[in-house]
Amino acid sequence: MKGKYRYVPGTILLCLALIGFITEQIPGWMSFLLLIASCIQMIYASRGTGIYNKAIKLINKGNMTEGVALMKKALIAGLSDSDAVVAAALVLQNDDAELAKETLERLTKASDGKIAGSALAYLSMYYWMQQDYSQAIALCEKAKANGYSSRNLQVNLLTYYLAAGKTKEFSALVDEIGTSGASSPAIVDFIAVREMLRGGWLQAGTYLQALCNEATPAFPDPYVHFAQVYLHYGDLEKAREALKKAEIKEYAKYSVYKREMVSEMLRIISDSKECVPFTQAANRDNKAIVKIANGQIPAYTPSEEEFLLPVIPGYPAEPDFSATLKQEESLDDEREISTDLTASDEEWLKKHHE
């Protein structure tokens with residue numbers, strides 16, 4: 001039996017033992033055996049919790065491999081619904097996706113809305129891993145429609161919308177989250193992507209300046225997006241610096257970006273014959289922006305001519321993001337960053353925006 005029901009047999013045996021002791025309708029030795037059987041069953045049913053606690057300690061110490069292996073054993077042994085959600089999420093991303101899927105599908109039917117919603121959010125990751133973005137989105141939207149809300153759900157849904165090219169839904173959810181996402185590096189990063197998609201490059205760069213140089217997130221995404229911002233201004237040198245930082249960050253097994261992709265992008269913009277045509281391709285339109293945001297390299301054709309300068313001429317004038325950030329920080333904390341486009345950005349939009 002799974003979840004809370006794993007204690008049912010032991011509880012039944014305990015009740016029978018107590019009835020026997022009280023009514024004396026069965027021999028005392030038999031009631032005593034029932035009591036012992038109840039204790040043994042209860043201990044057996046609780047073994048998953050003990051394994052789970054050991055796994056958590058290992059993971060907290062940084063031993064993810066052994067910790068996840070124990071989490072898998074804990075799932076098989078049986079856990080409470082709340083612990084099972086956590087265990088299944090870890091097993092899903094690091095070990096046995098099918099076992100985790102089976103557990104999460106069961107938990108989506110839990111009477112506790114928080115557990116069911118959390119299970120739906122994590123189950124969506126199974127379909128994300130299978131590149132079934134429609135099903136992944138459907139599960140998250142179901143959880144959201146049922147009243148469940150969490151940062152994990154928001155980040156997952158934003159990721160899936162981008163992967164599926166649903167930029168309108170992506171932007172709408174960013175607006176819906178609003179200032180409540182300011183404490184989440186992942187959400188701030190998505191806000192920057194949304195600004196890029198609507199031509200707000202100054203705003204995107206300002207958000208990423210604060211995120212990459214002050215919060216210094218451990219995941220690569222914001223640094224790759226900052227490289228995209230610099231490429232919008234034709235600044236190859238700073239784009240390279242951003243990608244070098246992205247290259248040494250932590251990469252989850254099923255993250256949007258792979259280290260190989262980031263290294264390849266860095267190689268391309270460091271190549272004298274590829275940097276210019278790639279930058280043109282990266283700025284071609286919103287589809288190209290989304291392609292890179294989804295961890296893919298847009299198509300381009302290397303040039304026959306070499307380009308050796310740090311900045312490509314003819315692109316919008318690059319603003320000072322640090323100075324802009326300081327100006328914004330000096331204003332009322334409640335005030336949002338200006339969404340006005342610079343003259344150079346407006347000129348670029350006329351030429352390149354869909």
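Numbering starts at 1 and runs along the sequence shown. Quantities reported herein were computed from a predicted structural model and do not represent experimental measurements.
The backbone N or O of E105 lies less than 3.5 Å from a partner atom in the side chain of T108, making a donor-acceptor pair. With hydrogens and angles ignored, the 3.5 Å screen pairs a side-chain donor or acceptor of S255 with a backbone N or O of A252.
Partner of Y160 under the ring-ring contact (aromatic ring centres under 6.0 Å, His included) criterion, out of Y127, W128, F190, F170: W128 alone.
Inter-residue side-chain proximity for L236 and C275 is flagged as met; some heavy-atom pair is nearer than 4.5 Å. Within the 4.5 Å cutoff, the side chain of L211 has heavy atoms near those of the P217 side chain. Contact check for N63 versus I59: no side-chain heavy atoms found under the 4.5 Å cut-off. Side-chain contact between R240 and S270 is present, with heavy atoms from C-beta onward closer than 4.5 Å. When side chains are defined from C-beta on, I292 counts as touching V224, because their heavy atoms get closer than 4.5 Å. When side chains are defined from C-beta on, R151 counts as touching I177, because their heavy atoms get closer than 4.5 Å. The closest side-chain heavy-atom distance from F321 to L202 is below 4.5 Å. In this structure, R106 and T103 have side chains that are in contact, with non-hydrogen atoms separated by less than 4.5 Å.
Once rounded to the nearest 0.5 Å, the distance linking NZ of K238 with CG of L231 reads 13.0 Å. Atom CE in M265 sits 12.5 Å away from atom CD in Q296 (nearest 0.5 Å). One finds the CG atom of L104 at 10.0 Å from the CG atom of L139 (value rounded to the nearest 0.5 Å). Within the model, atoms OH of Y161 and OG of S171 stand 11.5 Å from one another, a figure rounded to the nearest 0.5 Å.
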>> Let's go through E66 and K54 carefully: what are the C-alpha distance in whole Å and the side-chain angles of both, what is the deciding distance for salt bridge (charged side-chain N to carboxylate O under 4.0 Å, His left out) to 0.1 Å, and is it a yes or a no?
In response: CA-CA 10 Å; E66 290 186 29; K54 289 181 182 178; over 6 Å; no
>> Let's go through K249 and D221 carefully: what are the C-alpha distance in whole Å and the side-chain angles of both, what is the deciding distance for salt bridge (charged side-chain N to carboxylate O under 4.0 Å, His left out) to 0.1 Å, and is it a yes or a no?
In response: CA-CA 9 Å; K249 295 299 176 178; D221 307 43; over 6 Å; no
>> Could you go through E264 and R267, starting from their C-alpha distance and side-chain angles, then the distance that decides it, and tell me whether this counts as salt bridge (charged side-chain N to carboxylate O under 4.0 Å, His left out)?
In response: CA-CA 5 Å; E264 176 63 8; R267 184 200 68 77; 3.0 Å; yes
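Between D189 and F219, the shortest heavy-atom distance links the atoms OD2-CE1, 4.4 Å. Taking all atoms of both residues into account, the shortest heavy-atom contact from L153 to A121 is CD1-CB, 4.0 Å. Here the closest non-hydrogen pair linking E195 and Y207 is CG-CE1, 4.2 Å. Shown here for A246 and Y251, the closest heavy-atom pair between the two residues is O-OH, 2.7 Å. Counting all heavy atoms, side chain and backbone alike, A87 lies closest to L79 at CB-CD1, 3.8 Å. Here the closest non-hydrogen pair linking Y315 and Q280 is OH-CG, 3.5 Å.
Other residues, nucleotides and ligands place more than 12 heavy atoms under 6.0 Å from the CD atom of E214. For F226, the CZ atom is densely surrounded, since the number of other residues' heavy atoms within 6.0 Å is greater than 12. Around the CD atom of E250, the shell of radius 6.0 Å holds no more than 12 heavy atoms that belong to other residues, nucleotides or ligands. A 6.0 Å sphere centred on NZ of K57 holds no more than 12 heavy atoms belonging to other residues, nucleotides or ligands.
Side-chain contact check for Q93 and K253: no donor-acceptor pair (N or O, by modelled atom type) lies under 3.5 Å. Checked by atom type, the side-chain pair Y300/E274 shows a donor-acceptor distance below 3.5 Å. Side-chain contact check for S124 and Y126: no donor-acceptor pair (N or O, by modelled atom type) lies under 3.5 Å.
Note: the hydrophobic cluster containing Y233 does not contain V311 (ILVMFWY, side chain heavy atoms under 4.5 Å, direct or indirect links). Both V174 and V188 are members of a single hydrophobic cluster when ILVMFWY side chains are connected at heavy-atom separations under 4.5 Å. Hydrophobic clustering, with ILVMFWY side chains joined whenever heavy atoms are under 4.5 angstrom apart, keeps Y223 apart from L162. Residues I137 and Y148 are members of separate hydrophobic clusters, defined by side-chain heavy-atom contacts under 4.5 angstrom among Ile, Leu, Val, Met, Phe, Trp and Tyr.
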